[in-house]
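Structure record follows, encoded as structure tokens.
Fair warning: this is a prediction, and the values are worked out from it, not measured in the lab. Quick note: numbers below take in every heavy atom, side chains included, and nothing from hydrogens, waters or symmetry partners. Numbering of ligands and ligand atoms starts at 1, following listing order.
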Amino acid sequence: MNFLMHILNILEIIEKKRDKKELTKEEIEYFIKGYTNGTIKDYQAAALLMAIYLNGMTKEETTNLSIAMANSGEILNLNSKGKIFVDKHSTGGVGDKVSLILLPLVASLGVPVAKMSGRGLGFTGGTVDKLESIPGYNVEITIQEFIKNIEKIGISMISQTGNLAPADKKIYALRDSISCVESIPLIASSIMSKKIASGAQKIVLDVTVGNGAFMKNIEDARKLAKTMIEIGKLANRETVCVLTNMDEPLGYAVGNNLEVIEAIKALNGQMPPDVKEVVLELGAYMLKLANLGDNISENKKKLLENIKNKRALNKFKELIQNQGGDVSYIDDISKFPKSRVVLEVRARKSGNVMRIPAEKIGKLACFLGAGREFMEDSVNDSVGIVLNKKVGDVVVEGDVLAVIHSEDSGKADCVRDELLDVIEIGEGNFEVKYVYDVDGF
Ligand code: URA
């Protein structure tokens, strides 16, 4: 009898969304509760998510979805001796190693960091997969250990462990396997549920825009930013969104340990210009929200100083060691495992690099094994693509455009041909903007 009522309900909810009707708070809560405890099946959730993807949600539905997802588990109430917790999250990108650099950096300036990250999603990478490429690093600690770590060293970075927003954990993995990622209500609720559950009082969001982002144009990115700012307001979490460029991959490396290596170099002072601009902008707002300085350009100077004096690097090492990672890899990046095949891609003509489409680069990195095709797939730590040129650079025929790291020479050849097709070389000089806009102030 119960079973029949349950089937009827979820079917009615799917039908309603399929027919472009608005779901009530109770229906959304029913779905989240049922999917989290397993009484609603993957195929039913997949149907509803696809209906949401196709037909959207009102602001009210999106807020109710975010709160229901946050309430699917524990909500942490962090308090670190009067200090303000400021969290950071990206809406996703290719080559996005910002969290690995920025979070130890702000922690080294006294902002407590309690960061719950995700795995790769669609063609984008995930911080958790990157952290796991550091031998020994444990992303799956208990909530008690998470809190203890923050009290001890001021920073912890974990995956969606235990009982924090468990609904998002399931929905995130399911969306990834049914091509249901690029949706404003689904992205907003995924991010805000995690941020609300992990206890930060204030939030800085990197809303990526362009070819390698889920939001392909600035109007959609603004809509997503506004949606998350409103959810933040309702949940009493001050939220600032920084809109950043994701037309080409961020930095040079795309792939798990390849990006960790780039992040370690950045913490040693070698930061690619685009990574530097994004890290400083987000970091300056994190310091402002933490009441550690109102002046954005002064805040950027403080951040740069802690790169220069190695405090940020030392905080990163402390973080890695504290969560079981082998810090000798941070001291000596040549220790990271390498792929069997390392293949250079050389330019067939001279000119300026006009375009490096980030989505395609992300998909090629996934094809090499850096991301997943199926929910249960594991990722390969060492494969990926390291660019040698960025948009705007001058190229002479025969120059190395990129280096492919692969376990399979057939795959490497295939990726080389694709890269030569998609990296555009032409005539023209232009300036690339890395940070567009800040919303929420
Ligand atoms: N990051 C998330 O946590 N969720 C999304 O849906 C997209 C990016």
Side-chain angles (χ1 to χ4, degrees), residues 32 35 45-46 48-50 52-53 56-57 61-63 65-70 72-73 87-100 102-103 114-131 139 157-161 164-200 203-210 212-216 220-221 223-225 227-229 231-232 235 237 239 241-244 246 250 278 282 358-359 362 366 371-372 375:
I32 292 301
Y35 188 49
L48 181 59
L49 293 172
M50 185 56 82
I52 293 171
Y53 180 95
M57 277 185 142
E61 285 176 298
T62 308
T63 303
L65 182 61
S66 310
I67 307 287
M69 284 164 72
S72 65
D87 204 352
K88 173 266 169 190
H89 206 87
S90 162
T91 58
V94 177
D96 184 351
K97 65 277 300 168
V98 168
S99 288
L100 298 174
L102 172 63
L103 298 179
K115 171 73 171 149
M116 191 164 67
S117 291
R119 296 189 181 276
L121 186 66
F123 56 85
T124 68
T127 302
V128 165
D129 293 329
K130 294 169 203 179
L131 283 169
V139 292
M157 293 174 73
I158 59 166
S159 67
Q160 267 171 287
T161 318
L164 292 181
D168 177 60
K169 189 173 181 179
K170 281 187 90 173
I171 290 174
Y172 190 91
L174 184 60
R175 281 167 60 210
D176 193 27
S177 63
I178 60 166
S179 277
C180 228
V181 175
E182 298 95 333
S183 148
I184 290 178
L186 295 180
I187 296 174
S189 55
S190 164
I191 292 178
M192 294 309 286
S193 64
K194 279 195 283 275
K195 299 299 99 178
I196 293 167
S198 59
I203 304 161
V204 173
L205 299 174
D206 181 0
V207 180
T208 53
V209 193
F214 297 131
M215 298 296 107
K216 302 295 183 202
D220 283 344
K223 243 190 252 168
L224 175 60
T227 306
M228 294 192 288
I229 289 166
I231 296 168
R237 309 291 208 277
T239 304
C241 291
V242 180
L243 273 62
T244 64
M246 190 46 78
L250 195 67
V278 173
L282 293 166
E359 177 169 357
C366 283
R372 308 180 169 69
M375 257 159 93

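- Heavy-atom contacts of Ile191 reach the following atoms of ligand 1: 1 (N), 2 (C), 3 (O), 4 (N) (cutoff under 4.0 Å).
- Checked for salt-bridge contact, Lys216 and Glu359 meet the test: a charged N lies under 4.0 Å from a carboxylate O.
- Nearest to atom 1 (N) of ligand 1 by heavy atom, out of Lys195, His89, Met116, is His89.
- Remark: minimum distance from atom 7 (C) of ligand 1 to any protein heavy atom is reached at Leu121 CD2, 3.7 Å.
- Less than 4.0 angstrom separates some heavy atom of Ser90 from each of these atoms of ligand 1: 1 (N), 8 (C).
- Checking side-chain atoms of Thr91 against main-chain N and O of Thr208 turns up a donor-acceptor pair under 3.5 Å.
- The side-chain heavy atoms of Leu186 and Met57, taken from C-beta on, include no pair separated by under 4.5 Å.
- Taking all heavy atoms of Gly118, Ser190, Gly122 into account, the minimum distance to atom 4 (N) of ligand 1 is reached by Ser190.
- Looking only at side-chain heavy atoms (C-beta outward), Ser90 and Val98 stay at 4.5 Å or farther from each other.
- Of the protein's heavy atoms, Thr91 O, 3.5 Å lies nearest to atom 8 (C) of ligand 1.
- Two residues are said to be in side-chain contact when any heavy atoms from C-beta on lie closer than 4.5 Å; Lys88 and Val242 fail this criterion.
- Closest protein heavy atom to atom 3 (O) of ligand 1: Lys194 NZ, 2.6 Å.
- Here's the thing with Arg175: one of its N/O atoms is less than 3.5 angstrom from an N/O atom of ligand 1.
- The pair Arg372-Asp129 counts as a salt bridge, with a side-chain nitrogen and a carboxylate oxygen less than 4.0 angstrom apart.
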